[in-house]
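Read the structure below first, then the notes.
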Amino acid sequence: MSESAVKWPSGRGRFVTFEGGEGTGKSTQIKKLADRLKAARMRILVTREPGGSPGAEIMRHLVLSGMGKLLGPEAETLLFAAARDDHVRTVIQPALNQGTWVLCDRFADSTRAYQGSLGRVPTALINAMQRVTIGDLKPDLTIILDLPVEIGLQRAAARRGSGTPDRFEAEKLGFHQGLREAYRKIAADDPARCVLIDANSDPDTVAGRVWTVLRDRLLPTPASVVSL
Ligand code: Z5A
């Protein structure tokens, strides 16, 4: 089924998040998906976390520079939460209400994986902050890109060139292996929302896998498809 043959759902937009470890190809895949959806005349907003709104971009600078780490894991988690609160209220929710589909590079699962599983911030605190920042908002679909850690780190290093690794890229190999496991567990625990996708192929092959999942999960059943 090509996108030109799809009867697009109307009403509230759909919220799709992309998650995964370093260099798994989230930004690359979001761009490919956005281009494909825009070509089908869908209204699409591409955004990212931390960041995505003017206030949250300030927080992004703080946490990625490593300044948040100095405050300790709980306070660093609060910075991510404050950024998310602004992003959801000022950007994501208004777009969804207007019928725009939102594709977001990282969201609340990143806090569970990085600060929860790896940073050992208690789940109760993460849950409490999630209630405050996103309330009932839940992604309609979360694509989790899965890739052997060494390959992801090689890709991230090649992209960075001679630049300095950010606060998370600089963590040791064991951290990134733990991250991969944390994401696999998130996918296994919530199969209604999350799909784990093998990202160890060329970008177009991975994009094909992403498209198949989105089509099967979020587009109308074949009975309502318009044949052109
Ligand atoms: N963080 C957190 O701790 N808690 C939170 O709640 C949130 C975030 C929301 C944000 O970093 C950091 O914040 C993040 C977690 C933490 N950790 N770090 N670092 P960021 O926004 O600067 O970066 P990122 O989200 O981590 O992205 P990334 O992992 O660096 O990259 P990516 O988006 O997954 O990959 P990419 O940019 O699309 O591709 C990387 C390179 O590989 C690039 O040169 C591509 O051309 C290449 N590429 C992509 N796909 C392929 C394939 N299929 N084959 C070969 N090469 C490829």
Side-chain angles (χ1 to χ4, degrees), residues 17-35 46-53 56-57 59-69 71-88 91-92 103-121 125-127 129-130 132-134 139 142-161 163-172 175-176 178-180 182-183 186 197-210:
T17 58
F18 281 70
E19 295 277 0
E22 312 304 300
T24 48
K26 298 174 294 298
S27 311
T28 303
Q29 291 306 319
I30 285 194
K31 181 171 185 327
K32 284 182 176 293
L33 180 60
D35 288 349
V46 173
T47 187
R48 69 171 180 186
E49 289 208 349
S53 63
E57 288 291 330
M59 299 291 184
R60 177 184 176 87
H61 174 68
L62 270 178
V63 286
L64 294 192
S65 69
M67 279 187 264
K69 188 179 181 183
L71 303 174
E74 278 85 4
E76 189 179 40
T77 307
L78 287 171
L79 295 178
F80 281 110
R84 181 161 304 129
D85 181 67
D86 192 62
H87 187 211
V88 167
V91 174
I92 296 177
L103 309 183
C104 190
D105 193 337
R106 297 195 180 279
F107 193 60
D109 293 313
S110 285
T111 302
R112 289 196 183 277
Y114 282 79
Q115 282 68 51
S117 300
L118 276 300
R120 301 192 186 284
V121 172
L125 178 62
I126 290 183
N127 288 345
M129 281 191 281
Q130 185 162 318
V132 173
T133 54
I134 67 177
T142 296
I143 303 279
I144 299 181
L145 297 177
D146 183 60
L147 186 67
V149 165
E150 295 79 1
I151 298 176
L153 291 175
Q154 274 165 20
R155 286 185 190 172
R159 182 197 49 196
R160 185 172 65 244
T164 316
D166 72 28
R167 178 245 183 283
F168 293 100
E169 285 170 350
E171 294 280 359
K172 297 199 169 61
F175 175 94
H176 294 283
L179 196 55
R180 186 182 188 197
Y183 273 121
I186 287 170
I197 287 190
D198 175 7
N200 195 8
S201 299
D202 66 87
D204 286 339
T205 302
V206 180
R209 292 175 189 144
V210 170

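Note: hydrogens, waters and symmetry copies are ignored here, and every other heavy atom, side chains too, is used. Positions are given from 1 along the sequence. We count ligands from 1, going down the list as the structure has it; atoms in each ligand are counted the same way.
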*Give the contacting part of Arg84 toward ligand 1: side chain, backbone, both or neither, where contact means a heavy-atom distance below 4.0 Å.*
side chain

_Glu19 and ligand 1 - part of the residue with a heavy-atom distance under 4.0 Å_ = neither

*What part of Arg106 sits under 4.0 Å from ligand 1 if we count only heavy atoms: the side chain, the backbone, both or neither?*
side chain

*Taking only heavy atoms of Glu49, which atoms of ligand 1 are found under 4.0 Å from at least one of them?*
9 (C)

*Distance to 0.1 Å, residue and atom name: give those for the protein heavy atom nearest to atom 44 (O) of ligand 1.*
Arg159 CB, 3.4 Å

_Just to check, does Gly23 reach to within less than 4.0 Å of ligand 1 when the distance is taken from its heavy atoms?_
yes

_Quick check: Phe80 and ligand 1, any N/O pair under 3.5 Å apart?_
no

*Which residue supplies the protein heavy atom nearest to atom 3 (O) of ligand 1, what is that atom called, and how far is it?*
Gln115 NE2, 2.9 Å

*Counting from 1, what ligand 1 atoms have a heavy atom of Asp166 closer than 4.0 Å?*
18 (N), 19 (N), 22 (O)

_Could you tell me, atom by atom, which parts of ligand 1 come under 4.0 Å of a heavy atom of Asp202?_
53 (N)

*Would you say Thr111 has any N or O atom under 3.5 Å from an N or O of ligand 1, going by distance alone?*
yes

_Just to be sure I read this right, does ligand 1 sit under 4.0 Å from the backbone of Leu64, its side chain, both, or neither, counting only heavy atoms?_
side chain

*Between Ser201 and ligand 1, which residue portion shows a heavy-atom distance shorter than 4.0 Å: side chain, backbone, both, or neither?*
backbone

